[in-house]
Amino acid sequence: MEPQIGFFSFIHQESGKLLQQTITHTGLTFISVLLAIAIGLPLGILISRRQRLSGIVLGIAGVLQTIPSIALLGFMIPLLGIGAKPAIVALFLYALLPIIRNTYTGILGVDSAITEAATGMGMSTRQLLYKVQLPLAMPVILAGIRTATVINVGVATLAAYIAAGGLGEFIFGGIALNNTNMILAGAIPAALLAILFDWLIGLLQHMKSGRSRWRLYVFPAIILILSSFYLLPFEGHSKLKAGFTPEFMGRRDGNIGLKSVYGIRLQPLVISDMIMYKAAAQKTVDIISGSSTDGRAKAYDLVVLEDDKHIFPPYYAAPIVREETLSQFPELAPTLNLLAGTINDSIMTALNYQVDYLKFSPEKVAADFLHNQGLLQPARNGNKGTIRIGCKIFGDGYILANMYKMLIEGHTDLAVSTKLGLGGTKICFDALNNNQLDLYPEYSGTGLLAILQAPRSVTDSMIADKNKVYDYVSREFDSRYHIKWLPPIGFNNTYALMMRRNQATALHIRSISDLARYLEN
Amino acid sequence: MIQLSHVSKSFGNGKNAVEDISLEIADGEIMVLLGTSGCGKTTTLRMINRLLEPSAGDIFVNGKNINAIPATDLRKGIGYVLQFHGLFPHYTVMENISTVPELLGWNKDKIKARCMELMEKLKLPPDTFAAEYPAALSGGQQQRVGLARALAADPPVLLMDEPFGALDPLTRTTVRKEFKSLDELHTKTVVLVTHDIEEAVELGDRICLMNEGRIQQLGAPADLLFQPANDFVRHFFDGQRLHLELSTLKIKDIWATLPDTRLPQAYQEIAATESCWNALAALSKQALIASWDNEVKAITGDGIMNGLHTFKKQ
């Protein structure tokens, strides 16, 4: 990791990407709002006439609104795959409720004397709608569109999880990489977009009713133009499609290293770790940035390309613990060390496979393993103190955290509370450093590059040697943070480029250098 | 012109809002539907332009059963004025008045000419008001725009639902006078709903007094005052009886009973077709005379009151 640079230099340096993400973000937001208007407005009109339907329609739209956004995106993937389609559908569903509800209340809110006068003068239902109800309800309807737009600017940041692009790429990349500038480079423009759109639609909304007729034409035109942003082509065409996690995108032992050391220039989709493997299996992407012990690699028959020029440093997992906690409870370290050296790469992959693919719970997998090792003891339900264990949001972490929990409860009189599935290195480490966690499993490589952000001269000198890396991070964590690295558990969960086995075989690609050669030709 | 035949209307609560009403309204007549709130007068009115459908009975306009005419066509031929005027707040005064002609597809020049004509007649100078929005108008002005809008397409029939009800008493009197003197109205068949007794007596050619969905009495104002059909009708007018009777009674009606006294020194002449009430009002300023049947007589307070008594005894 380069030394930290200022926020504005970061913006300047990444301006091309920032512009592209902003445009994609705007497009995603408005194409979904446009769809929501196209469906929500007629639905709102319908239920204002058939009020018996209003309860059911508003109820369904309300329930959709309460589904957590990340879960909604998750539901979409089996139906629509990854990328723009599921993101747009999810955003569309979020935008529906405010638009339907405001259309409905807007129309019902028109003074009954006015609608009666209009009907009494001989207007048909359609004339009543277009000449009276819609124009008079317009400020309320626009308020709904305004709400929907602001909601969607926010939710669209999550679209980066499923490879739909937008400002979330910076935000999640920044969280994963412990890079505040990168988070802000995504979060500030997203906030500004929300404020800008809110203000613009607010202008339309508060325009004098008399001069309002032009907005019936201008407003849809503007939304159409903004929606079309999403169709602007950004993705270049290369022979193979890559899907990398936000974290991988920004790391020197990631996409940056692929470019500088191997000379590979891909235009990767940014995609969440959670769906990347499936996307590779389903041929949505061809190359992914997996982690070498992930059970899904085995499940989906993906092969790891050999890192023949050594850009991926060793990632040996070990528990890192606050020194305070260790000295307060001396029995803790020996208990945690029971696991040291017991899990090698293939065991970890097999354990992950049971969780990721066979859908066993991490608790069961952890308990079975400890049982086979003769380490499982019934919980003593002690109350000597509470140890707070955290883990990041992927397979290794859940399994290891559960094992530590069972070990501590069975071998000591300490109680355990867990905070599992934290959203990235930055969140986990900050929690530990701020005394909100006592321990979590971390990787030596992550400690080196993401947390310590060691200068390039240091990393280059040790990248191929797992012991040097471990010694360096132990020393530095101790002196900088008073956090202790306990002995490694045994497996090396490093980054790895992965491809589908049959494709790799057919193209004769075994190493990353082979891949570089294939892409050049 | 308008005929209701055994019309009833129920809103499904077991009680008929309107119960077996039959009445005929002649061409050019102003028929007032009078009664307290909930007597069924507005329901009756709204059935004539099919805003409500009768539960039983038939309604004919120009001899045609209104069910045989598409509702929108029927309504375009019937002017409609509401208590809370129902002007379109997003339309200018001009656009409001143009509504029905627009629906009927008149050409632009004709619509504009018609709007100008009506605005002039209703004392809404187009230069000042044509481009204004209703919110900028006073209550009386809004009500005049509502009237102009109803008259725009020159419909033969006009339905008015408490047209002056939302105005303050002073404005109400002014607008009512203007309404009465409007030449446009003299050829129209008007059905006017009100709970204001004075308004009914002043404007109605005939009054249809309703209570609990039924007609209590139907006739000229003087009929209801001097020959009430039942106790309800008699008591209905009691509060303002003297005033109403004097308003209804013309000087010519009591001419025979007026004494042949000497004419005063200084006097004002009043038409014998004026009401006794107006004569009393004028008497408070100066002495009056009137002429009828080639006779000239002095009009005095005593004479009028004696005349009223004699008239009621007949």
Side-chain angles (χ1 to χ4, degrees), chain A residues 41 44-45 48-52 102-103 105-145 201 203-220, chain B residues 42 45-52 69-105 131-136 142 145-146 149-153 155 157-163 165-166:
Chain A
L41 197 66
I45 292 167
S48 73
R49 293 186 185 170
R50 309 237 162 98
Q51 300 217 12
R52 267 180 304 130
N102 281 40
T103 305
T105 45
I107 287 178
L108 291 189
V110 173
D111 187 350
S112 62
I114 293 170
T115 49
E116 195 193 309
T119 312
M121 280 187 297
M123 284 192 189
S124 63
T125 326
R126 171 180 289 262
Q127 286 164 334
L128 177 68
L129 180 69
Y130 285 114
K131 286 173 185 283
V132 178
Q133 288 173 319
L134 280 184
L136 290 177
M138 196 50 76
V140 183
I141 296 173
L142 280 172
I145 294 175
I201 302 174
L203 277 188
L204 281 175
Q205 191 189 343
H206 292 126
M207 206 153 279
K208 271 272 167 116
S209 62
R211 271 156 270 163
S212 67
R213 255 156 282 177
W214 64 268
R215 74 186 168 189
L216 289 176
Y217 308 100
V218 174
F219 184 61
Chain B
T42 298
L45 184 84
R46 288 158 59 91
M47 285 191 284
I48 299 175
N49 65 0
R50 290 185 63 185
L51 285 175
L52 295 174
I69 313 168
T72 52
D73 290 350
L74 173 78
R75 290 170 189 153
K76 281 178 227 172
I78 298 179
Y80 188 39
V81 184
L82 292 89
Q83 175 176 12
F84 297 102
H85 59 74
L87 295 180
F88 304 133
H90 59 306
Y91 281 10
T92 61
V93 166
M94 178 87 135
E95 289 164 336
N96 263 293
I97 300 176
S98 321
T99 309
V100 180
E102 291 266 7
L103 294 179
L104 290 169
E132 279 295 349
Y133 286 91
Q142 289 174 342
V145 176
R149 185 174 66 174
L151 292 170
V157 177
L158 200 58
L159 304 183
M160 308 181 84
D161 188 0
E162 308 241 11

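The figures that follow rest on heavy atoms only: side chains count, while hydrogens, waters and symmetry mates do not. Numbered from 1 within each chain, the chains take letters A, B, ... in sequence-line order.
- The greatest number of non-hydrogen atom pairs below 4.5 Å with chain B, out of A/Ala113, A/Ser124, A/Gly120, is found for A/Gly120.
- Looking only at atom types and distance, the side chain of B/Glu102 has no donor-acceptor partner in the side chain of B/Thr99 under 3.5 Å away.
- Cation-pi check for B/Arg149 over B/Phe88 is met; the charged atom lies under 6.0 angstrom from the ring centroid and within 45 degrees of its normal.
- The stretch residues 78-88 of chain B participates, sequence neighbours left out, in no salt bridge (charged side-chain N to carboxylate O under 4.0 Å, His left out) pair at all.
- Among B/Asn49, B/Ile78, B/Val100, B/Asp73, the residue making the largest number of heavy-atom pairs under 4.5 Å with chain A is B/Val100.
- Counting only residues at least two apart or in different chains, side chain to side chain donor-acceptor pair (under 3.5 Å) contacts with residues 109-122 of chain A comprise A/Glu116-B/Arg46, A/Glu116-B/Tyr80.
- Residue B/Leu87 touches chain A through its backbone alone, counting heavy-atom pairs closer than 4.5 Å.
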